[in-house]
Number of protein chains: 2
Amino acid sequence: MLKFIIENNENYQPGLSIDCVIFGFHDNQLKVLLIKVPHSEKWSLPGGFIPIDQDIDTAAVTVLNERTGVEGVFLRQFAAFGKIKRNDDHFGKEVLKYLDIDPEKGKWLTRRFVTIGYYALVDFLKIVPVRTSSSEIIEWIDHKEVPELILDHKEILDKALDTLRTELNLMPVGYNLLPEKFTMPELQKLYETILDKKLDRRNFMRKITNIGILNKLDEKKNNVAHKAPNLYSFDKEKYDEVLKNGLNQGW
Amino acid sequence: MLKFIIENNENYQPGLSIDCVIFGFHDNQLKVLLIKVPHSEKWSLPGGFIPIDQDIDTAAVTVLNERTGVEGVFLRQFAAFGKIKRNDDHFGKEVLKYLDIDPEKGKWLTRRFVTIGYYALVDFLKIVPVRTSSSEIIEWIDHKEVPELILDHKEILDKALDTLRTELNLMPVGYNLLPEKFTMPELQKLYETILDKKLDRRNFMRKITNIGILNKLDEKKNNVAHKAPNLYSFDKEKYDEVLKNGLNQGW
DNA sequence: GTTCAAATGTGTTATTATGACGCAATGTAC
DNA sequence: GTACATTGCGTCATAATAACACATTTGAAC
C-alpha cells in the first residue's frame with residue numbers, strides 16, 4: 001500500500017500528510033490507537049497521505065479507515081505540524097530499500113512533510129481495529145504507557161490531548177465514548193481520566209446534571225458490587241445543541 | 001516577487017501556503033489587514049508560500065513580513081483549509097500571462113493548495129503596513145466592511161475571528177492592541193468590538209480587575225470630554241502568566 | 001458662574017455557581 | 001445479622017455574575 005502510494009505520488013497532495021490521534025476509553029483508562037511500524041522498533045499514529053481529489057477533512061477519514069479499518073468517526077482537526085527537520089531520516093535509504101521502492105521515485109519522501117493532526121473520541125468497544133496490512137500491528141495502548149513514537153508523533157499526541165482537555169470545558173464529552181446506558185460514576189471516570197485528576201463525586205453530578213444533556217433512566221445497573229448505581233443516557237438533541245453553542249459563554 | 005517564487009518553486013513547500021489574518025483595533029473598530037490584488041477586483045489576506053528551509057511557524061512570520069512589512073508579531077496558527085476546489089481557477093491562464101509566468105513552470109500552481117491560517121492581534125498604530133510591491137495596495141479595513149475576498153479567504157477570516165472570540169474566554173487580550181497606557185473604557189471597547197456585543201461597564205471593570213493583570217496608574221487621561229478616566233497599564237509579568245495558565249479552569 | 005449632560009468611580013443586591021463536606025440508603029461479603 | 005464500600009441527596013460558606021443606584025467629575029451651554 002505504502003509502496004503503491006509512493007510510486008503513484010502524482011495522485012497525492014505533495015509534501016502533506018495527515019495523522020490521527022484516536023482516543024478510546026476502557027477499563028478506566030484513556031487509550032490511544034497506535035500502529036507498530038514493521039521496519040522499526042517505534043510505534044506510530046495512524047496516518048497517511050492526502051488524495052488530490054479529496055478535501056483534507058475527507059482525506060482524514062480515508063486515511064484512518066485505510067490504516068485501521070475504523071469507520072464512522074468524527075475527526076476534528078486540531079493543528080498542523082511543520083518543523084523543518086520533523087521527518088528527516090524517516091524515509092532513509094534503508095527504509096526505501098526495505099519497502100522495495102525505487103530510490104528515484106521515493107525522492108519526494110525525503111523532503112519535509114507538513115502533517116495535519118486530527119483527533120477523535122470513539123467508543124472503545126465499538127471500534128474494532130482491523131489490520132489492513134499484514135505487516136502492521138494495530139493496538140489500543142494506554143495513553144500513560146505509550147511507547148516511543150516515530151518522528152514528532154509524541155508531540156502531536158500531546159497536543160491532541162491538550163486540545164481535548166481544553167475543549168472539555170467548552171463542550172460536553174462522552175457521546176461516542178460510553179455505551180448507550182451508563183452510570184454517573186462511569187461518566188465521571190471518563191472526565192477524570194481525560195483530565196488526569198480527581199473530581200468530587202457530588203459536585204460533578206450536580207454540574208453535569210445542570211447542563212441538561214442527560215436522561216435519568218428508570219433503571220439501575222445490576223451485577224455490581226455495592227449499591228447499584230442508576231443508569232443514564234444522553235439526550236442527543238440537547239447534547240448536540242450544547243455542542244453547537246458551547247457550555248459557558250464567558251464574556 | 002511572485003514570479004520569482006513561482007519560477008523557483010523548488011525552494012518552496014509544494015501544495016502548501018500560509019494566510020495571515022491580522023487584526024488591529026482603532027477608532028473603536030476591529031480592523032483587518034488586507035491586500036488588493038492587482039489583477040482582480042477582489043482583496044486578499046496577506047499570504048504566501050513556505051520556504052522549504054523554514055518551520056511553518058517561522059514561514060508565517062516571513063510571509064507576513066514580505067507581503068506587508070509587518071514585523072515582530074506573534075502569529076497563532078488556528079486552522080488548515082484544504083477543500084478540493086478552494087483554489088480552482090485562481091491561477092488561470094490569464095493570471096499566469098498577466099504575471100508573465102511560463103505556463104509550464106506555473107503548472108504546479110493550478111493544483112489544489114492547502115493553506116494554513118495564522119492570526120495575530122497587533123497595535124494598529126505601531127504597525128505601519130509597507131507596500132512591498134508597487135502593484136499592491138495594503139490597507140486596514142474595518143472588519144464589518146470587508147469587501148469580496150479571493151478564494152476561501154472570507155471563510156478563513158471568519159474562522160480566525162471565531163477562534164479569537166473563543167480564546168477571549170481562555171486568555172487575556174489587549175497587550176498588543178492598546179497603547180501602553182489606556183483607560184478602562186478603551187479596554188472595554190476592545191472587548192465589545194471583538195465580541196460584537198455590549199458589556200456592562202461596572203461588571204466588566206470588576207471582572208477584568210480581578211484577573212490581576214492591570215496596573216492602575218496614578219494618572220488620568222487629559223483632554224477628554226466629561227470626567228477624565230484613570231489610566232491603566234498591563235502588568236506584563238502577570239499577563240504572561242495568565243496567558244500561559246489560562247483564565248478559567250472549568251473542571 | 002451656574003447648570004446640564006455625559007461619562008466615570010464605587011458601590012448594593014439578588015441570583016447562581018462552586019468547592020468542601022455530612023449523612024442516610026443500598027447492596028455485597030462475611 | 002454486621003461491616004464496608006458505594007451511591008443518592010443533601011447542607012453550608014464562599015465566589016462569581018447580572019442588574020442596577022448613586023455620587024462625582026468634567027466640558028460645554030447658557
Side-chain angles (χ1 to χ4, degrees), chain A residues 27-28 165 168-172 174 178-179 181-193 195-233 242 245-251, chain B residues 27-28 168-172 174 178-179 181-193 195 197-233 242 245-251:
Chain A
D27 224 4
N28 290 338
R165 283 177 180 156
L168 211 59
N169 294 323
L170 304 174
M171 57 169 79
L178 295 174
K181 298 172 181 182
F182 52 89
T183 67
M184 197 54 76
E186 280 167 355
L187 183 58
Q188 186 180 335
K189 279 278 161 49
L190 169 62
Y191 271 73
E192 287 181 341
T193 305
L195 295 169
D196 197 25
K197 85 175 162 196
K198 287 250 165 278
L199 301 173
D200 182 272
R201 193 172 55 85
R202 297 148 287 191
N203 293 335
F204 175 81
M205 184 167 178
R206 187 181 40 195
K207 191 164 172 177
I208 203 93
T209 302
N210 282 341
I211 296 175
I213 53 171
L214 297 182
N215 291 321
K216 185 173 184 175
L217 304 177
D218 193 17
E219 199 179 344
K220 285 173 192 293
K221 185 148 186 167
N222 46 17
N223 296 326
V224 287
H226 316 298
K227 180 169 179 177
N230 210 309
L231 286 170
Y232 291 82
S233 69
V242 177
N245 300 330
L247 279 175
N248 37 9
Q249 304 299 13
W251 299 94
Chain B
D27 223 3
N28 290 338
L168 210 59
N169 294 322
L170 305 173
M171 58 168 75
L178 295 173
K181 298 173 180 180
F182 53 90
T183 67
M184 197 53 77
E186 280 167 355
L187 183 57
Q188 185 179 336
K189 279 277 161 49
L190 169 62
Y191 273 72
E192 290 181 337
T193 304
L195 295 169
K197 89 177 162 195
K198 287 251 165 280
L199 300 173
D200 182 273
R201 194 171 56 85
R202 295 147 289 186
N203 293 336
F204 175 82
M205 184 169 180
R206 180 156 34 94
K207 190 164 174 179
I208 204 93
T209 302
N210 282 342
I211 297 175
I213 53 171
L214 297 182
N215 291 322
K216 184 171 182 176
L217 304 177
D218 195 19
E219 196 176 344
K220 286 173 193 291
K221 185 147 184 168
N222 46 17
N223 296 325
V224 286
H226 316 298
K227 180 169 179 178
N230 211 308
L231 285 170
Y232 290 81
S233 69
V242 177
N245 300 330
L247 277 177
N248 37 6
Q249 304 298 16
W251 300 95

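Remember, predicted model here, so these are calculated numbers, not experimental data. The chains referred to below are lettered A, B, ... by the order of the sequence lines, with proteins before strands, and numbering in each begins at 1.
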Side chain to side chain contact (heavy atoms under 4.5 Å, CB included) evaluation trace for K197(A) with L199(A)
CA-CA 7 Å; K197(A) 85 175 162 196; L199(A) 301 173; 4.3 Å; yes
Base-contact (B) and sugar-phosphate-only (S) positions in nucleotides 15-24 of chain D, heavy-atom cut-off under 4.0 Å, - elsewhere
--BBBBB--B
Euclidean distance, atom NZ of residue K220(B) to atom P of dT26(D) [Å, nearest integer]:
7 Å
Using every non-hydrogen atom in the two residues, find where E219(B) and N230(B) come nearest and quote the distance to one decimal.
O-OD1, 2.9 Å
Indicate, with a heavy-atom threshold strictly under 4.0 Å, whether K221(B) touches base, sugar-phosphate, or nothing.
nothing
Student check: side-chain heavy atoms of [X] and [Y] closer than 4.5 Å:
X: R165(A); Y: L195(A); answer: yes
X: L214(B); Y: L187(B); answer: yes
X: K216(B); Y: T209(B); answer: no
X: L190(A); Y: F182(A); answer: no
X: N248(A); Y: N169(B); answer: no

So among K198(B), E192(B), M184(B), which one has a side chain to side chain contact (heavy atoms under 4.5 Å, CB included) with F204(B)?
M184(B)
Once you build an axis from the first five pairs and another from the last five of the helix from dG1(C)-dC30(D) to dC30(C)-dG1(D), how far apart in angle are they, to 10 degrees?
0°
Please check if the number of heavy atoms outside K207(A) that lie under 6.0 Å from its NZ is greater than 12.
yes
Less than 4.0 angstrom between a side-chain N/O of K216(A) and OP1 or OP2 of dC9(D), yes or no?
yes
Approximate separation, where rounding is to 0.5 Å, of L178(B) CG and Y232(B) OH
13.5 Å
With heavy atoms of chain B within less than 4.0 Å as the criterion, where does contact along DNA chain C begin and end?
dA6(C) to dG11(C)
